[in-house]
Amino acid sequence: SQQGEEDPQALSIQEGENATMNCSYKTSINNLQWYRQNSGRGLVHLILIRSNEREKHSGRLRVTLDTSKKSSSLLITASRAADTASYFCATGSGGSNYKLTFGKGTLLTVNP
Amino acid sequence: KAGVTQTPRYLIKTRGQQVTLSCSPISGHRSVSWYQQTPGQGLQFLFEYFSETQRNKGNFPGRFSGRQFSNSRSEMNVSTLELGDSALYLCASSGQGGTSGGARTDTQYFGPGTRLTVL
């Protein structure tokens with residue numbers, strides 16, 4: 001079953017705008033990761049945030065985690081056409097960080 | 001370092017056949033996980049191997065099996081293929097998990113996937 005649920009399912013913006021995607025999950029987690037997937041290819045790891053962290057930055061990416069609300073957000077600033085992809089959140093929980101539970105993803109389209 | 005490699009990249013089989021997919025993890029990584037991605041069910045965890053032992057298993061029928069070799073390379077096998085097995089199969093590798101607050105070794109790095117079509 002899907003633990004993470006991304007919101008929105010699809011997002012279309014213009015180049016230069018910011019894109020925000022949200023992820024909610026159901027059970028306690030060890031960490032939450034965000035991945036990008038271009039059109040049916042492999043997943044590219046973007047960022048990992050641990051359950052005791054609240055915010056992380058990596059380049060144009062900013063991730064927040066609110067464990068009390070069981071939610072996370074991914075912000076991509078100054079978007080580019082190359083950011084067009086599906087974005088997934090994935091949670092590791094219980095005794096294993098190696099069994100990830102993925103959401104259904106947000107399809108981001110950045111128009112030039 | 002070279003990334004995770006998967007072979008073959010594309011595969012077409014017919015119902016009832018069996019298939020073996022291969023995954024070579026990042027050098028030094030000992031954990032290999034397999035995922036199935038379909039439009040309907042999304043990304044679902046199949047199993048994870050560490051040091052040649054299956055450490056975690058998802059909710060898939062026994063037709064799906066795997067193994068890991070001493071060099072950490074892994075194979076997954078699907079027997080008696082069904083139409084619903086058509087999917088992108090992704091392999092991910094990870095280093096030895098550190099303790100909480102330890103090194104960032106539980107990140108999973110994915111390969112490009114094997115696209116399996118069952119006719």
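Letters A, B, ... mirror the listed sequences (proteins, then strands); counts begin at 1.
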Note to self: Please classify the contact of B:Gln37 with chain A as side chain, backbone, both or neither, using a heavy-atom distance under 4.5 Å.
What the structure shows: side chain
Next item on the list: For the residue pair B:Leu116 and B:Leu81, establish whether any side-chain heavy-atom pair is separated by less than 4.5 Å.
Entry: yes
Note to self: My understanding is that only residues two or more places apart in sequence, or in another chain, count here; which of them pass side chain to side chain contact (heavy atoms under 4.5 Å, CB included) with B:Ser65?
What the structure shows: B:Asn77
Notebook entry, point to check: So what's closer than 4.5 Å to chain A heavy atoms on B:Tyr35: side chain, backbone, both or neither?
Noted result: side chain
Notebook entry, point to check: Given that the side chain runs from C-beta out, which part of B:Arg115 has a heavy atom under 4.5 Å from chain A: side chain, backbone, both or neither?
Noted result: side chain
Checklist line | A:Thr101 and A:Thr91: CA distance, side-chain angles, deciding distance, side chain to side chain donor-acceptor pair (under 3.5 Å) verdict | finding: CA-CA 5 Å; A:Thr101 303; A:Thr91 55; 4.6 Å; no
Check: Can B:Asp85 and B:Lys13 be counted as an ion pair, charged N to O under 4.0 angstrom?
Finding: no
